[in-house]
Q: 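Take this structure, written in structure tokens, and hold onto it; I'll ask about it next.
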Amino acid sequence: MPETMTYAAALRAAMRLLLSQDERVFLAGEDIGVYGGAFGVTDGLVAEFGEERVRDTPISEEAIVGLAVGAAITGMRPIVEMQFSDFVANAMDPLVNQAAKLHFMYGGNVTVPMIVRAPGGGGTGAAAQHSQSLEAWFAHVPGLKVVLPATPQDVHDLLLAAYLDPNPVVFLEHKLLYKTEGPVELRSRAEDTPARIGEAKVLREGTDLTIAAYSIMTPRALEAADGLASAGIEAEVIDLRTVQPLDIDTVRASVKKTGRLLVTHEAPQPVGVGAEVVAGVCESDALDYLLAPVARVCGQPVPMPYARELERAVIPQVEDVEAAAKELVNA
Amino acid sequence: MPETMTYAAALRAAMRLLLSQDERVFLAGEDIGVYGGAFGVTDGLVAEFGEERVRDTPISEEAIVGLAVGAAITGMRPIVEMQFSDFVANAMDPLVNQAAKLHFMYGGNVTVPMIVRAPGGGGTGAAAQHSQSLEAWFAHVPGLKVVLPATPQDVHDLLLAAYLDPNPVVFLEHKLLYKTEGPVELRSRAEDTPARIGEAKVLREGTDLTIAAYSIMTPRALEAADGLASAGIEAEVIDLRTVQPLDIDTVRASVKKTGRLLVTHEAPQPVGVGAEVVAGVCESDALDYLLAPVARVCGQPVPMPYARELERAVIPQVEDVEAAAKELVNA
Amino acid sequence: MPKRDPTTPDGARRSLLVMWTIRRFEEALEELFARGVLHGTMHLSIGQEAVAEGVAAALDEGDFITSTHRGHGHAIAHGADLERMFAELLMKDTGYCRGRGGSMHIADVAAGNLGANGIVAGSMTIATGAAFSQMMQGTGKVVACFFGDGAANEGAFHESLNLAGIWSLPVVFVCENNQYGMSMAVDKATAGGSIVRRADAYGIPGVRVDGNDVVDVFRNTSEAVARARRGEGPILIEAVTYRYRGHSKSDRNLYRTVDEIEQWRKSRDPLDRYEARVIDEGWLTSDQLEECRIEARDAVRRAVEAAFRAPDADPADLVGAAYA
Amino acid sequence: MPKRDPTTPDGARRSLLVMWTIRRFEEALEELFARGVLHGTMHLSIGQEAVAEGVAAALDEGDFITSTHRGHGHAIAHGADLERMFAELLMKDTGYCRGRGGSMHIADVAAGNLGANGIVAGSMTIATGAAFSQMMQGTGKVVACFFGDGAANEGAFHESLNLAGIWSLPVVFVCENNQYGMSMAVDKATAGGSIVRRADAYGIPGVRVDGNDVVDVFRNTSEAVARARRGEGPILIEAVTYRYRGHSKSDRNLYRTVDEIEQWRKSRDPLDRYEARVIDEGWLTSDQLEECRIEARDAVRRAVEAAFRAPDADPADLVGAAYA
Ligand SMILES: Cc1ncc(C[n+]2csc(CCOP(=O)(O)OP(=O)(O)O)c2C)c(N)n1
Ligand SMILES: Cc1ncc(C[n+]2csc(CCOP(=O)(O)OP(=O)(O)O)c2C)c(N)n1
Ligand SMILES: [Mg+2]
Ligand SMILES: [Mg+2]
């Protein structure tokens, strides 16, 4: 029986399961112990599993990710946290030049099974250096997988799937999602997770246009679809869930049905994941089904501002999606 | 009268001009002094301008870029070098969280006029950690400009344009281009540069398809176009030259004329600049002119291998562009 | 603000005024936060005022600072306008960053505050670059770089001290050791257990000062600044202090005891101590003391009120704003 | 390879053999490079063989190393198969990395070589993580982390030593100070002028050894390894040595004199010195010496020949190869 719980709690439950199930798993990051993490995600885990396995680290992002790489290639299953995803800027070498490359570069003789968790996104007034959505960087790097769950159930299931994956996984959570609630079926073994990295999910069927979203834009797209429905427009809403690998087939199939594509994410538009979704559609036979140019609803191309109204203007809102969808359908 | 010179020499001449013209300009980087830089680009400049202004640094990429930021906001005009563009992974914080953000984040009260030069790309057998093409990352970051010159004349002119720009510019050179030769009109003042950041250039007119390229893929695309011509296919070749800002108008106009689009870059395909070009076309009325799905010819989605034949297989070659173009036209 | 000597009557008045202003400013912010008129979070430096003022007082007009996420005090001591600071936090177009920066990003580059920074140790390489700039331009100016005990474990700390060391750059690195990096006790995070000891690794002087004694901070910083100005290179100052409030607004203070906080507050408060000293030394009378307090309180009040009346930050101005 | 003591007859034979093998291996590479059968560039450690062997000899079976761009010697001393190394450089499918890595990326994780790394200081955080892993798993194994003098100025150095320090991780940091980071003299790059002095900043022992004396390297590393194995934490060893060849194939050696190179080669060559010692101490006879040399030469020859016969790396295998 599914329980109602928050995204943060469902994520914590997944970590608890992994810590219980596999002694090779450990957590490391800044203030993840008694503080419970900047967003309370790891709250209580240090009491349960001890300071050895739920490790507070110094403020040393490069060492945190490097620690994970070294531990992963010698038999551990690290789950490390960047306190805000922006700080991964300090850890791009171990993540991109090391974790992503070792398996290939060393001829396949090593695997790097590690998870880097990082909260991204704006809406909290934390401004330019604490609000970025950087998934596009990671999705561009062969060797990394990139997961962005939108619901409590998915964050639970996909963390387990990330653990089962022998590759380095960048696991991007959105700060505003932590407190959202939903029904969650807790798994009792990681292997029970039904989620697969690389599988999108059609959350709402529709006939007039396809909206492809992920992370925080998934609930916003669903809300927009409700609004659109009352205006007589039936949107099909796809939650991509993972952007590397990207389940482009699901998007293509939907576009063939609806004839219109809108992609939305909070990250800025230029060279974002949305561009990849569009390209993936337009280089296939789905192109022929397009009844109108595609639309992207993305973050404005500025750093994230602090002031509430500025932040709102930069971040795509429900009404932005709705307006763009209407324009697309009525064009 | 234009002289024939290499890409490296034309670039060096631009730096020489800037060092002569403006005492606020300095160069800093690893082994850029007596060693002349890993690729000889700065050869001789330390003898001419002294160790103060042509500064060898310790191996500290984060400090090198941070140095540039601090110097730029206090009146200097730094041009710093990452010895290989891969090492910018160590300097993403000063580049992305600082240089790109300060102007906006501090309310417009500061500018950050700096250039980060970095050689990218494969083909030299330097393998996974010394061969990446990372322009997609930077093009995704509001506040950065991203330039990738393909010819000796352009590298000269665009470095001057980058100097004239009050924003941080990521200036990506391709290792294999350094030794390529071409006619160069040397400018005698930076202000004389005709190049504008954000302007693509149609290098060859054609009617059957548009090939959009940049950096090393520009000469390859031109060579492919020659091959295509002898097969009766007239390709229009566009050198994008800068990818942030991206001159999508030029691409759209061309697609309206040719009805077919092929984009090519050496970086891996997923969430690369090519996706942005495709999206920029397909979200405009140029979509209606497309006679066939778009095509991307990009680096294979693996880290760059060492062995010559593997490297060749990963990097898009002239014949790959040619084959894809033929398929596109004959589809 | 011009240099001031907190061990003289005139300087004492000014330094005390600055310290009270910092405290009242942050207390006012707490109130505004409680009223729900602010956005985001903030990091208060209440209890650490002597570091900001001791350092800033030692700087000449034209010298630079770089600051941190916990930077209100640095900005105020370096002469920031209170109204523009409040305006920034209140999301006004008249704020230092036009409402784009907020608490963590107060900057006034023209006036020598190169900016608060949300990235731990993020300003250290920038300070180094600014110091390089002074050397190259021969300005004779010095950069004071504030950072925390937690920041001392970032790679940027190492690369900055090394670069400043080999090039003898005019930068004074000021570590505010307030005992914790968020929840992490400095002893747990710092191999070797001492931040100041790290100076020796770079062949530069290191000095540990009582960060709750504005005079001690001032004297040592003055010497460091003079040395840097003479071209003799960087120094690392470790100022031992304490933060009374939580790390930020979400802190439940689970990593320390109420007792510990009270201990510091009761016996080592920088304002209490400096006031006692000021009276003891006869620099100011108790009436003058009270005037400082009132002046600080009133200045803060006036500034908040004025800031409230300013126009809001305008979303319409965002287009193209990422670029100069 | 099993532990060996270069101050015993049997150990001397093995250590000498390793050192000659490294030299002959790299000389063979130079020849192959000159013949144009290699791709890319390479970084030779000729002149530095005593560091690789002195460290590797002090390690037990099952201990780990992490290596650098100049890593052939480390790999060989740690027991790498010469044929698979040549095969890698010759772009063969039988190479350590199936032709995907090349000179800078020889790794044999299963055998404890966690890999050469093209990123300066890139393996330092990885070594720290591997050491953490040993501690968590209670294996009693130790990690030896090679890095260069230039690497000591990267942020990763600082973060690694700090983390290893606070957690008392079983890692021995071995700095091969060969006087230059590419063209940058160590004195110009290193604030404070000493790498080993940095150990103190992390509260860990630092020891400077003669990197051209395999016995000195071995003894100090043995102690460091024993200490780390006892759970007493990391150590920083600075091994002073010299690189005879250019940094890589593109080096014109403009930053140093031929004289300087000759000086080191003539008076401090690690092979010359060890051979003299081995004879002096009576550990080996000069016939046995000669046998070592011949054995090394022949092993290298056989390995090259065999590697040449192996099948080429296959582009068809690249599909999906980025992922496990
Ligand atoms: C690179 C980076 N890592 C982590 C953080 C999150 N964070 C903000 S402040 C802080 C603690 C900083 O400690 P310290 O340097 O001692 O300064 P203090 O807060 O005590 O003034 C942390 C972990 C950050 N902002 N930037
Ligand atoms: C992060 C990074 N920066 C720069 C380089 C380019 N580079 C390769 S080796 C080298 C010199 C390294 O010096 P050192 O650490 O002393 O090692 P050595 O070459 O002397 O063995 C440089 C600058 C690199 N590979 N990685
Ligand atoms: Mg602190
Ligand atoms: Mg060296």
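Chain A is the first sequence line, chain B the second, and so forth, proteins listed ahead of strands; every chain is numbered from 1.
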Q: Could you tell me which residues satisfy side-chain hydrogen bond (donor to acceptor under 3.5 Å, both in side chains) with Gln244(A), sequence neighbours excluded, listed by chain and number?
A: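 side-chain hydrogen bond (donor to acceptor under 3.5 Å, both in side chains) check on Gln244(A) returns nothing, list empty.
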
Q: Which residues from residues 255-280 of chain A are near chain B, with near meaning under 4.5 Å between non-hydrogen atoms?
A: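 Residues in range: Ala267(A), Pro268(A), Gln269(A), Pro270(A), Val271(A), Gly272(A), Val273(A), Ala275(A), Glu276(A), Val278(A), Ala279(A), Gly280(A).
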
Q: Please find the pair of heavy atoms, one from Thr210(A) and one from Ser254(A), that lie closest to each other, and give the distance.
A: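 Shortest heavy-atom separation between Thr210(A) and Ser254(A) comes out as OG1-OG, 2.6 Å.
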
Q: Tell me, for Ala127(B) versus chain A, whether the close heavy atoms (under 4.5 Å) come from the side chain, the backbone, both or neither.
A: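 Contact with chain A involves no heavy atom of Ala127(B) at all.
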
Q: Indicate yes or no: at least one non-hydrogen side-chain atom of Glu135(A) is less than 4.5 angstrom from one of Leu148(A).
A: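 Result yes, sub-4.5 Å side-chain heavy-atom pair found.
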
Q: Between Gln300(A), Lys101(A), Gln129(A), Arg296(A), which has the largest tally of heavy atom pairs under 4.5 Å with chain B?
A: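 Among Gln300(A), Lys101(A), Gln129(A), Arg296(A), the one with the most close pairs to chain B is Arg296(A).
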
Q: Would you check if Pro113(B) and Asn167(B) make a side-chain contact, meaning some heavy-atom pair closer than 4.5 Å?
A: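 With C-beta onward as the side chain, the pair stays apart.
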
Q: Mind checking whether Phe104(A) and Pro305(B) have side chains closer than 4.5 Å, heavy atoms only?
A: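 Phe104(A) vs Pro305(B): side chains touch.
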
Q: So for Val141(B), is it side chain, backbone, both, or neither that comes closer than 4.5 Å to the heavy atoms of chain A?
A: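 Only the side chain of Val141(B) comes within 4.5 Å of chain A.
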
Q: Highest number of heavy-atom pairs under 4.5 Å with chain B: which of Gln98(A), Met105(A), His103(A)?
A: Met105(A)

Q: Which heavy atom of Met92(B) sits nearest a heavy atom of Phe138(B), and at what distance?
A: SD-CE2, 3.8 Å

Q: Chain A heavy atoms under 4.5 Å from Ala292(B): which part of the residue, side chain, backbone, both or neither?
A: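 For Ala292(B), the contact with chain A is made by the backbone alone.
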
